[in-house]
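What follows is a set of notes on a single structure, which appears directly below.
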Amino acid sequence: MQYQVKILRFLPEQDDRPHFATFEVEADPADRVLDVLEQIRGEQDGTLSFRRSCAHGVCGSDAMRINGRNVLACKVLLQDLDSTAIVVEPLLGLRVIKDLIVDMEPFFDHYKSVLPYLINDDPLPGDGKERLQNPADRDRFDDTTKCILCAACTTACPSFWANDEYVGPAAIVNAHRFIFDSRDQGAEIRLSILNEQMGVWRCRTVFNCTEACPRDIKVTQAIGEVKRAIQTGRVE
Ligand code: SF4
Ligand code: F3S
Ligand code: FES
């Protein structure tokens, strides 16, 4: 089938501002948008730039806007789009470096700011091998372990567009993953970080983040649980 693919391009060495370029592509409806981008780069314009790695929805590197929605290009089939006219743009709210490649550093700075790692200074118990956890305690934060740091949620959030100092849903999801882990002892410090001006209270419960998440994480619910833990002073 014939597809018309409009891509928002920006080549820093020659462009003052981004502009759309249109490519005509012959492709199979069962192809993914990532396949089409590869085809354009391989056959029509070798300068087209985008990130990709696994091509199977695991690495999170190819998040972009396709027909106005934040998605992973490797998870979208052409046949699942509304029309044969496809518009591809970089994520909103992060600086465009080139074409579909955005600067992820501010996103990862927010991620790092919530201390996304196990904090526990106690010596390892008994046999010194591992800290045990029962299945119910493990289930408590199972959903937020699925994050692949693709940034689709944070860059779909109007609060983040309005102020990119807002820590954003992805960082809160990754804080949630440790706050509710029974083996972790850093909940208090993380909750105090997220209670600051650019923390969870910037979230206005818009739900764009939940809709955008390619891992189907209940992002808004996780943010709500963190808000509640701050308000009650209890992690449960
Ligand atoms: Fe991506 Fe979902 Fe993680 Fe947000 S929560 S970074 S959308 S995987
Ligand atoms: Fe933004 Fe998601 Fe909250 S879209 S406002 S972080 S519910
Ligand atoms: Fe890895 Fe799409 S290329 S998630």
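One-based numbering, in listed order, for ligands and for the atoms of each. Note: hydrogens, waters and symmetry copies are ignored here, and every other heavy atom, side chains too, is used. Being a predicted model, the structure only gives us computed values, none of them experimental.
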Considering the heavy atoms of [X], write down every atom of ligand 3 situated less than 4.0 Å from one of them.
{"X": "Cys54", "value": "1 (Fe), 3 (S), 4 (S)"}
{"X": "Cys74", "value": "2 (Fe), 3 (S), 4 (S)"}
{"X": "Cys59", "value": "1 (Fe), 3 (S), 4 (S)"}
{"X": "Val58", "value": "4 (S)"}

Which residue and heavy atom of the protein sit nearest [atom], plus the separation:
{"atom": "atom 1 (Fe) of ligand 2", "result": "Cys157 SG, 2.4 Å"}
{"atom": "atom 4 (S) of ligand 3", "result": "Gly60 N, 3.2 Å"}
{"atom": "atom 5 (S) of ligand 2", "result": "Arg204 N, 3.1 Å"}
{"atom": "atom 3 (Fe) of ligand 2", "result": "Cys203 SG, 2.3 Å"}
{"atom": "atom 3 (S) of ligand 3", "result": "Ala55 N, 3.1 Å"}
{"atom": "atom 2 (Fe) of ligand 2", "result": "Cys209 SG, 2.3 Å"}
{"atom": "atom 6 (S) of ligand 2", "result": "Tyr166 OH, 3.5 Å"}

task = For the pair Arg52 and Glu38, evaluate salt bridge (Lys or Arg N to Asp or Glu O under 4.0 Å) and give the outcome as yes or no after the intermediate values.
result = CA-CA 10 Å; Arg52 55 107 1 127; Glu38 292 286 11; 2.6 Å; yes

message = Quick one, Arg215 with Asp143, criterion salt bridge (Lys or Arg N to Asp or Glu O under 4.0 Å). Give me CA distance, side-chain angles, the key distance, then yes/no.
response = CA-CA 9 Å; Arg215 304 286 292 171; Asp143 198 37; over 6 Å; no

query = Backbone N or O of Glu236 within a donor-acceptor pair of the Arg140 side chain at under 3.5 Å?
reply =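 Yes, the answer is positive, given that a donor and an acceptor are paired below the 3.5 Å cut-off.
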
Assess the side chains of [X] and [Y]: does a donor N or O sit below 3.5 Å from an acceptor N or O?
{"X": "Asp122", "Y": "Gln185", "result": "yes"}
{"X": "Asn70", "Y": "Thr155", "result": "yes"}
{"X": "Arg131", "Y": "Ser182", "result": "no"}
{"X": "Thr220", "Y": "Thr210", "result": "yes"}
{"X": "Gln133", "Y": "Asp181", "result": "yes"}

Would you name the heavy atoms of [X] and [Y] that are closest together and state the gap between them?
{"X": "Leu91", "Y": "Cys150", "result": "CD1-O, 4.1 Å"}
{"X": "Pro90", "Y": "Leu100", "result": "N-CD2, 3.6 Å"}
{"X": "Ile7", "Y": "Leu48", "result": "CD1-CD2, 3.9 Å"}
{"X": "Leu149", "Y": "Met104", "result": "O-CE, 4.1 Å"}

request  = Could you list which atoms of ligand 1 come closer than 4.0 Å to a heavy atom of Pro214?
outcome  =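 Those of ligand 1 that fall under 4.0 Å from Pro214 are 7 (S).
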
query = Is Leu77 atom CG crowded by more than 12 heavy atoms from other residues, nucleotides or ligands, each under 6.0 Å away?
reply =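 Yes, enclosed.
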
Heavy-atom pairs closer than 4.0 Å: do any link ligand 2 to the side chain of [X], the backbone, both, or neither?
{"X": "Thr205", "answer": "backbone"}
{"X": "Phe160", "answer": "neither"}
{"X": "Ile223", "answer": "side chain"}

Proximity to ligand 3 by part of Ser53, non-hydrogen separation under 4.0 Å =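 Answer for Ser53: backbone.
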
task = Report the part of Ile148 in contact with ligand 3, treating N, CA, C, O as backbone and CB onward as side chain, heavy atoms under 4.0 Å; options are side chain, backbone, both, neither.
result =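 None of Ile148 does.
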
message = Using a 6.0 Å distance limit plus a 45 degree cone around the ring axis, check whether Arg177 lies over the aromatic ring of Phe180.
response =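 No; the conditions do not both hold, so Arg177 does not lie above the ring face of Phe180.
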
inquiry  = Heavy-atom contact check, 4.0 Å cutoff: does Val219 meet ligand 2?
reply    =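 Val219: no contact with ligand 2 (<4.0 Å).
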
message = Could you measure the distance from the CD atom of Glu196 to the CD1 atom of Ile230? Nearest 0.5 Å is fine.
response =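 The distance works out to 10.0 Å.
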
key: Residue Pro169 vicinity, atoms of ligand 2 by number, heavy atom under 4.0 Å   =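 Those of ligand 2 that fall under 4.0 Å from Pro169 are 6 (S).
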
message = Inside 2.8 Å of atom 4 (Fe) of ligand 1 but strictly below it, how many protein N/O/S atoms are present?
response =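 Those protein atoms number 1 in total.
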
